[in-house]
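Start at 1 with the first residue, then count along the sequence.
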Amino acid sequence: GSLLMTGSQARHIASVITDTTGIRLLNLKQRVMFELAVFSADAVVSNTKLGLSRYPFIVSRAAFVIPNGVRVERFIRSDVVERTFPFNSTKFNRFVVMVAAVRPHKDFDFFIDVAKQMRREYNDVAFVGIGGGELAPLVERVRDEVIENVFFLGPREDVELCLSWSDVG
């Protein structure tokens with residue numbers, strides 16, 4: 001939770017993201033503390049309606065959904081954008097784009113494993129990872145294993161444009 005100062009009063013804001021691995025991995029004490037924080041909050045913010053629905057007692061209080069920061073109006077139609085890439089894309093006709101912060105539970109190693117498998121069968125598919133976090137081990141693995149169809153671009157301000165590159169994402 002967070003504290004928000006409004007005038008002379010402090011407000012307790014709880015955030016509920018129930019579909020992430022992190023919450024399921026909490027031990028019993030941490031889970032009870034989380035549930036108490038939600039129960040005692042002045043307002044609750046979730047990234048999904050499903051997240052809010054898990055806590056029916058918050059209906060009487062302020063509850064908000066902010067869907068993962070997605071603003072649909074910012075998306076760019078791929079049929080009206082020329083694909084230009086910040087890497088050598090001449091060998092690739094199709095693109096798989098993953099946008100996520102690099103965290104252990106996001107399993108970017110699986111992303112790389114799939115790219116390696118696809119490379120054996122389809123040599124024109126590139127896998128593009130976009131997001132911040134600990135990229136160095138992933139970049140080293142791609143370099144060490146000479147995986148030529150994987151690109152990690154790090155955090156970007158033009159995520160919608162990057163998603164327009166994607167044939168699968």
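K116 NZ to E145 CD: the interatomic distance, rounded to the nearest 0.5 Å, is 4.0 Å. Taken from CE in M118 to CD1 in I147, the straight-line distance is 14.0 Å, to the nearest 0.5 Å. The distance from the CZ atom of R119 to the CZ atom of F127 is 10.5 Å, given to the nearest 0.5 Å.
Put simply, the residue from L163, N149, L153 that forms a side chain to side chain contact (heavy atoms under 4.5 Å, CB included) with V128 is L153. For the side chain to side chain contact (heavy atoms under 4.5 Å, CB included) test with N93, the passing option among V125, D124, N123 is D124; the others fail. Residue P137 forms a side chain to side chain contact (heavy atoms under 4.5 Å, CB included) with just one option from E134, E140, R141, and that option is E134.
In this structure, Q30 contributes its side chain and N27 its backbone to a donor-acceptor pair below 3.5 Å.
Listed by first and then second residue, the ring-ring contact (aromatic ring centres under 6.0 Å, His included) pairs involving residues 132-155 are F87-F151, F92-F151, F108-F152 (not counting sequence neighbours).
Placement of F110 and L138 within a single hydrophobic cluster is found when ILVMFWY residues are connected by side-chain heavy-atom separations under 4.5 Å, directly or transitively.
Proximity of R94 to Y122: side-chain heavy atoms (C-beta onward) are separated by under 4.5 Å at one or more points.
When every heavy atom of G154 is checked against every heavy atom of L135, the shortest pair comes out as CA-CD1, 3.5 Å. Residue C162 comes nearest to I130 through the heavy atom pair CB-CD1, 3.1 Å, listed as atom of the first residue, atom of the second, then distance.
Every residue two or more places apart in sequence or in another chain that forms a side-chain hydrogen bond (donor to acceptor under 3.5 Å, both in side chains) with R156 is listed here: D158.
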